[in-house]
Amino acid sequence: APDAVPRLRQAGMQIVTNSYPHVWPYHLSRLPGSPWTDVRVRKAANLAIDRAGVVKLLGGVATEAVGQVPRDHPWWGHPSFEVKYDPDAAKKLLAEAGYGPGKPAKTKMLISTSGSGQMQPLAMNQYIQENLNSVGFQVELEAIEWNTMTMRRSIGAQAKENAGVDALNNSWTYIDPDFGFIGVLESSKISPNGNNWGNVRDPVIDALAVQVREAFEPAEQSRLMAEMHTRMVDEAMWIWVVHDDNPRAMSPKVTGFVQARNWIQDFSPITMK
């Protein structure tokens with residue numbers, strides 16, 4: 001837990017962090033009736049979140065997200081929409097979309113109480129709920145157990161169990177093109193065929209997905225993935241918040257540990273003094 005870090009350091013423990021393929025976002029429903037069918041609303045939400053405040057809430061062991069991947073990633077691309085904290089711009093976009101003081105953009109979000117890569121989900125979601133509500137949203141949070149969350153995610157926003165739910169908060173990994181992008185965005189991957197929970201149907205993404213699958217040269221695949229990420233950010237297909245810095249605490253007697261930028265960790269170089 002982030003609030004344990006100062007005490008662990010004081011006790012002489014090593015605190016090791018590094019970035020790895022992790023993002024903490026909201027998957028958005030594109031079904032009729034969802035406020036997220038309007039790109040202006042999706043962009044407004046991305047502009048309403050004080051990510052620096054979320055990082056502070058987490059004791060500094062996270063990094064502000066500006067998309068699915070960080071700027072230094074080969075798949076970053078050249079998005080024209082900038083994911084940042086700009087509440088005034090968020091209010092303006094909501095007004096353009098037809099929302100205002102007397103007509104908030106109502107949304108119900110599924111969140112978990114804990115789970116794989118979820119960090120501190122209750123405190124984080126309450127913080128973000130306040131951010132969104134302050135610019136013109138009306139956010140309802142439904143907290144459920146992690147295994148229930150994975151089931152509700154797998155059946156898609158169109159399932160009767162998800163009736164009335166417009167968004168789902170589920171940490172994600174971009175460890176490969178299929179799981180990180182294609183599986184959640186390509187129209188052929190709508191449940192039960194994949195992880196496209198929100199029923200995204202975008203012809204640009206669909207065309208790029210085919211090209212990525214047919215690209216066998218790493219440089220060409222990275223070029224295409226950069227185009228896909230550019231499209232994902234410019235269309236604000238998700239709401240992105242932070243990347244986990246994956247903090248680990250260990251005895252000062254441990255030497256040789258190198259934190260990988262991956263979900264897979266090599267323990268073979270480790271020794272004990």
Side-chain angles (χ1 to χ4, degrees), residues 1-26 45-73 83-87 109-135 139 141 143-147 149-150 168-175 238-273:
D3 58 4
V5 170
R7 296 196 303 273
L8 290 167
R9 282 202 173 109
Q10 190 174 16
M13 300 289 282
Q14 300 179 63
I15 306 297
V16 184
T17 62
N18 200 359
S19 62
Y20 72 123
H22 171 282
V23 66
W24 198 84
Y26 293 85
N46 273 291
L47 294 171
I49 296 172
D50 178 10
R51 293 166 183 82
V54 176
V55 171
K56 185 177 180 180
L57 177 71
L58 294 169
V61 292
T63 304
E64 296 179 45
V66 288
Q68 193 82 333
V69 299
R71 294 183 193 274
D72 64 351
H73 197 281
V83 175
K84 61 181 180 179
Y85 183 44
D86 190 340
M109 297 176 163
L110 277 185
I111 68 171
S112 65
T113 54
S114 62
S116 174
Q118 291 298 92
M119 306 169 73
Q120 302 286 308
L122 294 180
M124 293 167 73
N125 272 289
Q126 288 166 356
Y127 188 99
I128 290 161
Q129 182 184 38
E130 291 185 11
N131 283 173
L132 293 175
N133 287 351
S134 69
V135 301
V139 177
L141 301 176
I144 57 178
E145 184 269 336
W146 174 246
N147 288 312
M149 170 69 82
T150 61
L168 180 147
N169 172 226
N170 193 146
S171 60
W172 211 250
T173 179
Y174 46 86
I175 198 164
W238 284 5
I239 303 169
W240 298 278
V241 184
V242 292
H243 302 287
D244 187 8
D245 285 349
N246 203 11
R248 288 182 168 95
M250 61 194 73
S251 165
K253 296 180 180 180
V254 176
T255 61
F257 178 82
V258 178
Q259 182 122 316
R261 296 186 65 175
N262 199 298
W263 288 83
I264 300 167
Q265 182 66 50
D266 181 9
F267 284 82
S268 62
I270 298 174
T271 57
M272 294 287 286
K273 290 182 182 178

For the residue pair [X] and [Y], what are the closest heavy atoms and their distance?
{"X": "P21", "Y": "T173", "value": "O-OG1, 2.7 Å"}
{"X": "I239", "Y": "A45", "value": "CD1-CB, 3.6 Å"}
{"X": "M250", "Y": "V16", "value": "CE-CG2, 4.1 Å"}
{"X": "G117", "Y": "S171", "value": "O-CB, 3.1 Å"}
{"X": "A48", "Y": "L132", "value": "CB-CD2, 3.9 Å"}
{"X": "V254", "Y": "M272", "value": "CG2-SD, 3.5 Å"}

With a 4.5 Å cut-off on side-chain heavy atoms, are [Y] and [X] touching?
{"X": "D245", "Y": "T63", "value": "yes"}
{"X": "Q118", "Y": "N170", "value": "yes"}
{"X": "Y26", "Y": "N125", "value": "yes"}
{"X": "I111", "Y": "P121", "value": "no"}
{"X": "L47", "Y": "K84", "value": "yes"}
{"X": "W240", "Y": "I49", "value": "no"}
{"X": "V54", "Y": "W24", "value": "no"}
{"X": "L57", "Y": "Q120", "value": "no"}

Please report the interatomic distance [atom1]([X]) to [atom2]([Y]), rounded to the nearest 0.5 Å.
{"X": "M13", "Y": "R248", "atom1": "CE", "atom2": "CZ", "result": "13.0 Å"}
{"X": "L122", "Y": "M124", "atom1": "CG", "atom2": "CE", "result": "10.5 Å"}
{"X": "D244", "Y": "M119", "atom1": "CG", "atom2": "CE", "result": "4.0 Å"}
{"X": "W146", "Y": "S114", "atom1": "CH2", "atom2": "OG", "result": "8.5 Å"}
{"X": "I128", "Y": "M109", "atom1": "CD1", "atom2": "CE", "result": "8.0 Å"}

Below 30° counts as parallel, above 60° as perpendicular, anything between as tilted: where do the rings of [X] and [Y] land?
{"X": "H22", "Y": "Y20", "value": "parallel"}
{"X": "F257", "Y": "F267", "value": "tilted"}
{"X": "H73", "Y": "Y174", "value": "perpendicular"}

> Side chains of N131 and Y85: is there a donor and an acceptor less than 3.5 Å apart?
Replying inline: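 Side-chain D/A pair, N131 to Y85: absent.
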Side-chain donor or acceptor of [X] paired with backbone N/O of [Y] under 3.5 Å:
{"X": "Q10", "Y": "V5", "result": "no"}
{"X": "Q14", "Y": "S251", "result": "yes"}
{"X": "E64", "Y": "R51", "result": "no"}

>> So for atom CD, which belongs to E130, do other residues, nucleotides or ligands contribute more than 12 heavy atoms lying within a distance under 6.0 Å?
In response: no
